[in-house]
Chemist: 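Sending over a structure as structure tokens; questions will come in a sec.
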Amino acid sequence: MAHTTVIIGAVAAGMSAATRLRRQDESARIIVLEAGEHVSFANCGLPYYAGGVIEERDALLLQTPESLHARFNLDVRTHSRATAIDPAAKTVTIATPSGDHTESYDSLILAPGARPIVPPIPGAERALTLRDVADVDRIVAAMADASTAVVIGAGFVGLEVAENLAHKGISVTVIEMADQVLSALDPELSIRIEQRLAANGVTVHTGSQATAITADAVTTEGPNGTTEVPADLVIASIGVRPDTTLAADAGITLAANGGIAVDDRMRTSAKDVYAVGDAAAKADAFSDEPTLIPLANLANRHGRRVADAITGRAIAAGGSVGTAVVGVFGLTAAVTGRTERRLRAEGRAFRALHTHPLNHAGYYPGASALALKLLFDPETDQILGAQAVGEDGADKRIDVIATAMRGGLKAAELADLELAYAPAYGSAKDPINMLGYLAENAASGDSPTIAWNEIDPTDLVVDVRSADEHSRGYVDHGGDTALIPVDDLRVRHGELPRDRRIVVHCQVGVRGHTATRLLRQLGYDAVNLGGGYLTWRDAQLAR
């Protein structure tokens, strides 16, 4: 008899598994169960349909049960909710509009995804969530009569929703419990996203918690006490939880983080039962602990891998670092790996480098600055994470670093990457190469760099920019400061003490590097402020 695989969930992971299975085994019987009405839809595009960027609803519907049957001979069943699994009997109980029945399997793939978290507060039933096409239909209908909206949560999806509501002319307020928006970034980078939101009319309340939802407002508690925020429309976007009810009820082991525990072949604790996508725990690339990374690229990749595992191919899912990107009113924020906050929480040693390079050659029209941050192990030089914010080129740089991490490259080896260059696309010294040069300098000790939060009040901070730049803002660390432009430093260095640490800063760190090298060769204890005044300024704004 043909091998029967039942797949629960018909979006990214489930459909990737189903189509890969068919390409591997034409004789297999493949049944895909979907509780909702739609399959294989573009859930990452839902906010943009709400905002009118994606004009046609049908553009979100990538496949139908009929098209999947025609091309792949898949038995895709909508409005079919799996309600129970019996691993011993190898059956699934399915609820449909016409009644319940059971289906037997040889292999079972759990790909139910994750469920949006709704805050447990009075009036929470009024808050809409955004997970599937039915959700976006409800939001679009509610937008028609809305002039004010509150988005609870300032993560990736929350910010996308806020931007798209604003595009529709709705007055938007974002409420975030953390002290910053987009906690996937460190605060000195996320502040740029918050400023861009404000510049486009979106009100942001960080350090605030929604405590109640009424018929026309959201009550919040924050630094300024209790606030009533008008809200014709309320959208909860505070995160998701793995949908593990079926697995748990069937006695399948869950990981400590709440996801379904799997091995490197995506096998669960139940024989011939696999789990992929947002419901499954992922292997963390930096530790032995399971992690939750609800990202579409991992869901699709693991769907492919589980099909290979079922058909007998040798696979290993490998560790995941969590690479993501979001656009907010023309500003791109991208991240891969660990943040500084998480590394500190883990008690792990790290070094942080900040740069503010142009996205391409400065003499070519349209160049804009990036804020780049690299985190790496000071002993092994292993890259631990990176973040980028900018108008253009942030995604490209993070993708390169994520690839370097996957390939096991060290931080200093970024200097040796041969990256495509033409004036309109990059620089002869690409920002990625520059991070590698900085890592080399840090390792050699020739030009020590400290982070904005490592300045001590006893340090003498020397600004090596021009007097005009200095007048527009300088590093005020609560201690002594001096202004000596870098071009005057060779002549005026005698004004500096030799018995104190000198922290040199310029605007972004380049002139500071030159000044640091000069002073150290003249016998001074000099260090460069990484990322210069711009990083220090952003960090102060984020406090």
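Atoms considered below: every heavy atom in the structure, side chains included; atoms not considered: hydrogens, waters and symmetry mates. Counting begins at 1 with the first residue of the sequence.
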Chemist: Return each pair, listed once, that meets salt bridge (Lys or Arg N to Asp or Glu O under 4.0 Å) where at least one residue sits in residues 406-425; pairs must be two or more places apart or across chains.
Modeler: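 Qualifying pairs: none.
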Chemist: Partners of R492 by side-chain hydrogen bond (donor to acceptor under 3.5 Å, both in side chains), sequence neighbours excluded?
Modeler: E495
Chemist: Among all residues two or more places apart in sequence or in another chain, which pass the salt bridge (charged side-chain N to carboxylate O under 4.0 Å, His left out) test with D392?
Modeler: none
Chemist: Are side-chain N/O atoms of E228 and T219 paired as donor and acceptor at under 3.5 Å?
Modeler: yes
Chemist: List the residues meeting salt bridge (charged side-chain N to carboxylate O under 4.0 Å, His left out) with R397, not counting sequence neighbours, and say none if there are none.
Modeler: D430
Chemist: Would you call V118 and T129 a side-chain contact if the rule is heavy atoms closer than 4.5 Å?
Modeler: yes
Chemist: Look at the aromatic rings of Y474 and H470 and report parallel, tilted or perpendicular, splitting at 30° and 60°.
Modeler: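 Parallel: the ring planes of Y474 and H470 meet at under 30°.
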Chemist: Return the minimal non-hydrogen interatomic distance between I502 and Y524, and the atom names on each side.
Modeler: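 In terms of heavy atoms, the two residues are closest at CD1-CD2, 3.8 Å.
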Chemist: Which pairs count as salt bridge (Lys or Arg N to Asp or Glu O under 4.0 Å) when at least one residue sits in residues 147-168, sequence neighbours excluded?
Modeler: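 Salt bridge (Lys or Arg N to Asp or Glu O under 4.0 Å) check on residues 147-168 returns no pairs.
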Chemist: Any carboxylate oxygen within less than 4.0 angstrom of a Lys/Arg side-chain nitrogen, looking at D284 and R338?
Modeler: yes
Chemist: Is it true that, when you exclude R241 itself, more than 12 heavy atoms of the residues, nucleotides or ligands shown sit nearer than 6.0 Å to its CZ?
Modeler: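 Not more than 12 within 6.0 Å, no.
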Chemist: Run the side-chain contact (heavy atoms from CB on, under 4.5 Å) test against V150 and tell me which residues pass, sequence neighbours left out.
Modeler: I152, T173, I175, V218, V229, A231
Chemist: Go through the structure and list residues passing side-chain hydrogen bond (donor to acceptor under 3.5 Å, both in side chains) with K373, not counting sequence neighbours.
Modeler: D186, E188, E340
Chemist: What residues form a side-chain contact (heavy atoms from CB on, under 4.5 Å) with A334, not counting sequence neighbours?
Modeler: V325, I398
Chemist: Got a sec, which pairs hit salt bridge (Lys or Arg N to Asp or Glu O under 4.0 Å) with one end in residues 500-520, sequence neighbours left out?
Modeler: D459-R501, E469-R511, D480-R500
Chemist: List the residues meeting side-chain hydrogen bond (donor to acceptor under 3.5 Å, both in side chains) with N433, not counting sequence neighbours, and say none if there are none.
Modeler: none
Chemist: So, Y437 versus H513, ring centres under 6.0 angstrom or not?
Modeler: no
Chemist: Using salt bridge (charged side-chain N to carboxylate O under 4.0 Å, His left out) as the criterion, list what pairs up with D538, not counting sequence neighbours.
Modeler: R192
Chemist: For R342, give me all partners under side-chain hydrogen bond (donor to acceptor under 3.5 Å, both in side chains), at least two apart in sequence or on another chain.
Modeler: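 R342 satisfies side-chain hydrogen bond (donor to acceptor under 3.5 Å, both in side chains) with E346 only.
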